[in-house]
Each structure stands twice: as structure tokens, then as C-alpha cells.
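To start, the structure itself, in C-alpha cells.
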Amino acid sequence: MLEAASDTLSATLPEVREDLRGTHPYGAPQLPVAHALNVNENPYGPSSALAAAIGQAVATAAVGLNRYPDREALELRRGLGEYLAVESQIPAPPAEAVWAANGSNEVMHQLLLAYGGPGRTALGFSPHYSMYPEYARDTYTAWVTAERGPAPDFALTAEMVTAAIQEHEPTIVVLTSPNNPTGTALDLTVVRAAAAALAVRRGLLVVDEAYGEFRRDGVPSALTLLDDHPNVVVTRTMSKAFALAGARLGYLIAHPAIVDAVRVVRLPYHLSAITQAVASTALAHREELLGTVALLRRERDALATHLSERGHQVAPSDANFVLFRSFADREDVFEALLARDVLIRAVGPAGWLRVSVGTPEDNSAFRTALEEADPR
Ligand SMILES: *Cc1c(COP(=O)(O)O)cnc(C)c1O
């Protein structure tokens, strides 16, 4: 009925915001393939015991669904703080220094709402996560980029970051560590330099650590800088290492004044009682959920070594994916892999492809398919 509207009626459709015309929504393909290695999910779902515990928590929350949820989600925020204290060996932050929302995408959107806006600029470093420019656009924040260093390292130095801040005069800088799509983790000297260059302009530094738990031994988290740099926010998510992408739970840790600013722009009761119950239960069972991280890191290193040995250029990865340069045209390789039931991502600089680390079976299927899809 709707699609049958006549041309005359279509001509009266409301006109969308000018800057949104002709744009398309985020859309990594969701295809029914045997080996989905395209959105950096953890391939291991919860055990049936944990699924039952989550179900029980949901049932308990369901009894109170006639009421709005706890607007401040304090219990969950306290639990997330305790987890981070253990994970990154920092003193446990109070609930007031932690904020949670529906995925770290929503957290970042809220940060841009509170600290971006007309006349303000956000700066990122290419190649970067595809969503950053969209948060900026939605909030009428100007989005500018500087380039990361050359392949295959895609490194950033303190000098590069400081120079870009001086040139673009941003209010917000986003540093991603480990970076998506390159996998590169940042040295803390880079993060410190960005925080210092922004502090004098009273700007905000967002360090997106969506893949933080996958970093290699000895690679520090920016969480250790929070005490000395009140203008730094670290964002994390339960979507990747925590194996909980379907629940939609992201969070940040920062000075409580930053959390307060985000509380002003969040929608009322943004985090459902169901989400809070699921996330709190997942946190209580974090040993199981994070139990696959060590295996995934080993598989990641093995995959990177395998790709190098085949002769590909490979970006060193501290995440649960590997970016590599194909021999043949990347779109052809992508399609040839898909024809063999392996879905990866054509993303990053021209000629490069990103593959998520799956189960050993997934990774072996990818390796076999690549032999035919991208012969040496
Ligand atoms: C996957 C990813 C996220 C996480 O998004 P969620 O909304 O938490 O699922 C955030 N940042 C980057 C760079 C990512 O790759």
C-alpha cells in the first residue's frame, strides 16, 4: 500500500534535512553465511548455563516492567567500574565516573551531543571507524581527519597528533586504540600528548578502546591516564571481547563532570531494565564470557603470521581482527570468499581487507577459501 503511493502523493513527502539527502544508513551486510567474519564479534556465545542465568535475571526484571527502569543504572555502573579496576589495574572508579548506554555507539553519540555542536570540530585519524563522521553529522559538529602513518603500521606519533590539533583546533579528538580497521594500538605518549594539547584549549579527548581486552601483553590502556588528565574519556563495550554484541551495552569512564554532561543529553530511561539485568548478569559471569579472549588472541597472532607467510602486507593487530592487503582486486576477493561461505569486510585503504578472528574452524575455512579466492 505504501509503496503504491502515486507520484502525486510522493511529491508531497516531507523533505529530509538537507545534509541527510542521498545518504544511506550504516549497513555492514547481515548475511546467513557459515563463517561470519565481518563485524568483529566474539564467535563464542554464552554457555547454556549462562543463558539460563540471563533468562532468570530477565524474568526477575520482567515482573517490574510496568515501571520505568533505574534511570541512573547505578548498580551496573558500579559493577563496570569494578571490572575495569581489575582489567587495567587501576583503583576502582565510583559509579559517578562510569556511564553506560546502548552500545558504545550511543555513548559516543551522547559525547558528541554534549561536547560537539555547531561551530565545533571533532578530529579523527584515518583510516578510522566508519561511524565517527555520522555522530558528527547528526550533532552538527564539523568532522575533520588527519592521516595515520604509512602502511602496514598505520602508526601515530605524539608529533603527528599535536600538529593535527594545532592545525584543526578541534573541541573533540577521537583516538582509537586498538584502532578499527587497522588493529593498531597507541603508545601512551601519543595519548598523553593529545590530552595535553587539548587541555590548553579545554577540549575533550575520547579514547575508544572497544577492543581493549584483546591488546597484546605489555600494551597499556589509557585508563591509567584518567587521574592525571581530567579531559580524557575512555569508552569500552561489551560487544567485542565480552561476547555480548546482541545485548547492546557500551560504557565510558571519565571525570564525573563529563558523566554529568552526558546525563543532560541522554534520553530519559535510555537503558532498559532488561538491558541492565542482562549486562549485570554478564558482568557477574565475566570469567566465562572473557574466557575465550586468550584463545582469540592466539588465533589472531596465528592468522597474522599465516597471512604474512603467504606474502600479504599485514597490519600488526592488537584487536580481534587482521587487516591485510590482497593480491587481486579486493572486491573480487571479497566476492570469491563470500561464494565460499566466508564473509569478511572490504574496508580500510584501497586494496586492503579486514577479517575478524573466529573459531579455529572459521579461521581454517577462511584460510582454505583464501587460497582459491586470492591465489599468490
Ligand atoms: C565495534 C566498535 C565499537 C562498538 O560498538 P557498540 O555500539 O558498543 O557495539 C566502538 N568503536 C569501534 C571502533 C568499534 O569497532
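Both ligands and their constituent atoms are indexed starting at 1 by order of listing. The structure displayed is predicted, hence computed values, not measured ones. Positions are given from 1, in the same order as the sequence printed here.
With salt bridges taken as basic N to acidic carboxylate O contacts below 4.0 Å, one links Glu72 and Arg77. Salt-bridge annotation for Glu371 and Arg310: present, with a side-chain N of the basic residue lying under 4.0 Å from a carboxylate O of the acidic one. We find that Glu213 and Arg236 are joined by a salt bridge, their nearest charged nitrogen and carboxylate oxygen being less than 4.0 Å apart. Of the charged side-chain nitrogens involved, none lies within less than 4.0 Å of a carboxylate oxygen, so that Asp301 and Arg298 do not count as a salt-bridged pair. Glu299 and Arg367 are not joined by a salt bridge, as no carboxylate oxygen comes within less than 4.0 angstrom of a charged side-chain nitrogen.
The shortest separation from a heavy atom of Asp208 to ligand 1 is under 4.0 Å, placing the residue in contact. In this structure, Tyr132 counts as a contact residue of ligand 1, since one of its heavy atoms falls inside 4.0 Å of the ligand.
Nearest protein heavy-atom contact of atom 10 (C) of ligand 1 is Ser104 OG, 3.3 Å.
Between His168 and Trp143, the distance from one ring center to the other does not fall under 6.0 angstrom. Taking the six-membered ring where the residue is Trp, the centroids of Phe366 and His35 are separated by 6.0 Å or more. For Trp99 and His255, the ring centers sit 6.0 Å or farther from each other.
Which parts of ligand 1 touch Ser239 is read off a 4.0 Å heavy-atom cut-off, strictly below it: atoms 6 (P), 8 (O), 9 (O). The atoms of ligand 1 that sit less than 4.0 Å from any heavy atom of Asn180 are 13 (C), 14 (C), 15 (O). Distances below 4.0 Å separate heavy atoms of Gly103 from the following atoms of ligand 1: 6 (P), 7 (O), 8 (O). Shown in contact with Ala210 at under 4.0 Å from a heavy atom are these atoms of ligand 1, numbered in order with element: 2 (C), 3 (C), 10 (C), 11 (N), 12 (C), 14 (C).
Considering backbone and side-chain N/O atoms, Arg248 comes within less than 3.5 Å of an N/O atom of ligand 1. Annotation: Thr176 places no N or O atom under 3.5 Å from an N or O atom of ligand 1; distance criterion only. Remark: ligand 1 and Thr237 share an N or O pair separated by less than 3.5 Å (distance only, no angle test).
The proximity of Phe321 to ligand 1, defined as any non-hydrogen pair under 4.0 Å, does not occur for either the backbone or the side chain. Both the backbone and the side chain of Asn105 come within 4.0 Å of ligand 1, judged by heavy-atom distances. Heavy atoms of Glu106 found under 4.0 angstrom from ligand 1: none, in either backbone or side chain.
In this model, a donor atom of one side chain and an acceptor atom of the other lie less than 3.5 Å apart for Tyr132 and Thr176.
The closest non-hydrogen atom to atom 2 (C) of ligand 1, taken over Arg236, Lys240, Glu209, comes from Lys240.
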